[in-house]
Amino acid sequence: VLGTYARKPWLLLPAELAHDLGPWAVAGASAVLGQAESPRWSSLTWQGLQFPNPLGIAGGVDKNARNVDHWRRLGAGFVEVGTVTPKPQGRNPGVIIDRHIPSERLWNRLGFPSDGAHRVRTRLEQVRNLGRFNSPIFVNIGKNRSTADDVSDYAEAMQVLTPVSDAFVVNISSPNTTGLRDLLRPERLRPFLQELMTARPPNTACPLLLKLSPDVTDEELEKTLDLALDAGVSGFVLTNTLANGPHLGAAAFPHHDGGGVSGRPLGSVSEHKLQLARRFIDSAAADRHVLLVSVGGVLTGEDVRRRLELGADLVQVYSTLVFSGPRFFLNVAREEWTRNQ
Ligand SMILES: Cc1cc2nc3c(=O)[nH]c(=O)nc-3n(C[C@H](O)[C@H](O)[C@H](O)COP(=O)(O)O)c2cc1C
């Protein structure tokens, strides 16, 4: 146990402090461990975007695009920034993050704290101007908690961020913004996606990916995929966090109301949803390459490989960066090179 904390001293800090120091720690880790070139393994090209490797950071890790180049130097094959809301807003009041180290699970109810679309755009312009950042950048967009109109916030975020974004991830699956997941109901989703498609700035081909919830039945997921493919969505990120509550049994955080659970308990659910989505898309949209991004409970290099074998094009992580630290991407790359020697 002592050895673990000596190697991972951030686990000794209170969860919220460790979370808030994260961006500085990442910059420090990149200065010590960072590499000039992105590690290449299982490279792929999709819609003209070139991924040196298929492993990236999940939504929420770099909400405000403060560390995009550091994540590349630490070995990420692509970066997703956000969730970005059109206007700046703070985090939810009260306790917003907790963790249970032995069972490798996290709880959060941050609620889209964001510097806002304009600040994030400026940072991404700076990254792009550096010239050395040539991996894809996804921008995850959400709505301000004070906005009643669902479509207008997403449309505004797209308007501002299109010039710096290789793909948008439309986040309607966070459990931490009241009413957001209602948009996943078919009678809401169909008009929402249609309006979103028409709200895209003209003459841009920026693909839209939909980020999905794990808290749905298989039938509901298939219905969502069907509807979204019909509306012209280019891919899916699955999944977001599990809604916290007694239904999670031992995986729940009973002393916290609401919020989302990630890490180990999400692994089998996320894997199952990936398999289902792969099967459905292979039969319903065999004529086009719909991008599938698997996220949730990916904790080891073995987990990454398994998701790829199950049909994920790309894989993302959040919780394992808390439990294993920022060497994760370079460690997985090294494992891949050793395996393929
Ligand atoms: C502290 C925290 C903040 C998060 N913030 C966001 C977010 O802003 N947008 C989003 O789409 N997902 C967010 N997520 C969800 C992750 O992107 C991911 O879907 C989820 O954590 C499952 O992956 P994991 O088990 O590897 O953590 C957040 C997760 C955590 C733990």
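Numbering of ligands and ligand atoms starts at 1, following listing order. The basis for the numbers below is simple: all heavy atoms, side chains too, and nothing from hydrogens, waters or symmetry mates.
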S.K.: Can you check whether Thr83 has an N/O within less than 3.5 Å of an N/O in ligand 1?
M.R.: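 Yes; the residue has a nitrogen or oxygen that sits under 3.5 Å from a nitrogen or oxygen of the ligand.
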S.K.: Inspect the contact between Glu156 and Lys87 and indicate whether a charged nitrogen and a carboxylate oxygen are less than 4.0 angstrom apart.
M.R.: yes
S.K.: Using a strict cut-off of less than 4.0 Å between a Lys/Arg side-chain nitrogen and an Asp/Glu carboxylate oxygen, indicate whether Asp115 and Arg123 qualify as a salt bridge.
M.R.: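 Judged by the 4.0 Å cut-off on N to carboxylate O distance, Asp115 and Arg123 do form a salt bridge.
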S.K.: Return the closest protein heavy atom for atom 30 (C) of ligand 1 as residue, atom name and distance.
M.R.: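 Of the protein heavy atoms, Asn108 ND2, 3.3 Å lies nearest.
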S.K.: Are the charged groups of Glu195 and Arg190 less than 4.0 angstrom apart, N to O?
M.R.: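 Salt bridge between Glu195 and Arg190, a charged N being under 4.0 Å from a carboxylate O: no.
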S.K.: Please could you name the atoms of ligand 1 that Lys63 approaches to less than 4.0 Å, counting only its heavy atoms?
M.R.: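 Result: 5 (N), 6 (C), 7 (C), 8 (O).
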S.K.: By number and element, which atoms of ligand 1 are closer than 4.0 Å to a non-hydrogen atom of Ile97?
M.R.: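 Taking each heavy atom of Ile97 in turn, ligand 1 has 1 (C) under 4.0 Å.
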S.K.: Closest non-hydrogen protein atom to atom 27 (O) of ligand 1, residue and atom name please, with distance?
M.R.: Ser319 OG, 2.6 Å
S.K.: Would you check, one step at a time, whether the test ring-ring contact (aromatic ring centres under 6.0 Å, His included) holds for Phe168 with Tyr154?
M.R.: CA-CA 10 Å; Phe168 283 114; Tyr154 290 89; over 10 Å; no
S.K.: Which one holds for Leu110 and ligand 1: side chain close, backbone close, both close, or neither close, with close meaning a heavy atom under 4.0 Å?
M.R.: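 Just the side chain.
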S.K.: Can you check salt bridge (charged side-chain N to carboxylate O under 4.0 Å, His left out) on Arg339 and Glu336, steps first, answer last?
M.R.: CA-CA 5 Å; Arg339 259 168 30 93; Glu336 286 299 312; 3.6 Å; yes
S.K.: Going by the atom numbers of ligand 1, which of them fall below 4.0 Å from some non-hydrogen atom of Gly263?
M.R.: 25 (O)
S.K.: Centre of Phe253's six-membered ring, under 6.0 Å away, within 45 degrees of the axis: is that where NZ or CZ of Arg105 sits?
M.R.: yes
S.K.: Please work out which of Asn171, Val293, Thr239, Val169 has its closest non-hydrogen atom nearest to atom 19 (O) of ligand 1.
M.R.: Thr239
S.K.: Is it the side chain (CB and beyond), the backbone, both or neither of Asn140 that lies under 4.0 Å from ligand 1, heavy atoms counted?
M.R.: side chain
S.K.: Just which atoms of ligand 1 are under 4.0 Å from any heavy atom in Leu106?
M.R.: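 Reading through ligand 1 atom by atom, the close ones are 31 (C).
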S.K.: Should Arg109 and Asp257 count as an ion pair when the cut-off is N to O under 4.0 Å?
M.R.: no
S.K.: Report the nearest protein non-hydrogen atom to atom 15 (C) of ligand 1: residue, atom name, distance rounded to 0.1 Å.
M.R.: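 That would be Asn240 OD1, 3.6 Å.
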S.K.: Is Tyr318 close to ligand 1, meaning an N/O of one under 3.5 Å from an N/O of the other?
M.R.: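 Yes, since at least one N or O of Tyr318 sits under 3.5 Å from an N or O of ligand 1.
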S.K.: When you look for heavy atoms under 4.0 Å from ligand 1, do you find them on the side chain of Val237, its backbone, both, or neither?
M.R.: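 No part of Val237 comes within reach of ligand 1.
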S.K.: Regarding Asp282 and Arg278, does a basic nitrogen lie under 4.0 Å from an acidic carboxylate oxygen?
M.R.: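 A salt bridge is present here (some side-chain N lies under 4.0 Å from a carboxylate O).
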S.K.: Could you list the atoms of ligand 1 found under 4.0 angstrom from a heavy atom of Leu266?
M.R.: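 Checking each atom against Leu266, I get 22 (C).
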S.K.: Taking the six-membered ring for Trp, are His256 and Trp107 parallel (under 30°), tilted (30 to 60°) or perpendicular (over 60°)?
M.R.: parallel
S.K.: Are Arg305 and Glu302 within salt-bridge range, i.e. N to O under 4.0 Å?
M.R.: yes
S.K.: Starting from atom 21 (O) of ligand 1, locate the nearest protein heavy atom and write down its residue, its atom name and how far away it is, to 0.1 Å.
M.R.: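 So the nearest neighbour among protein heavy atoms is Ser262 CB, 3.3 Å.
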S.K.: Measuring from atom 12 (N) of ligand 1, which candidate in Arg264, Lys211, Arg109, Gln316 has the nearest non-hydrogen atom?
M.R.: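 Ranked by closest heavy atom to atom 12 (N) of ligand 1, first place is Lys211.
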S.K.: Testing the 3.5 Å rule here: is there a donor-acceptor pair between the side chains of Thr83 and Asn171?
M.R.: yes
S.K.: For atom 16 (C) of ligand 1, which of Gly59, Gly267, Gly60, Ser294 has the closest heavy atom?
M.R.: Gly59
S.K.: Should one rank Pro175, Gly111, Gly297 by closest heavy-atom distance to atom 25 (O) of ligand 1, which comes out on top?
M.R.: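 Considering heavy atoms of Pro175, Gly111, Gly297, the nearest to atom 25 (O) of ligand 1 sits in Gly297.
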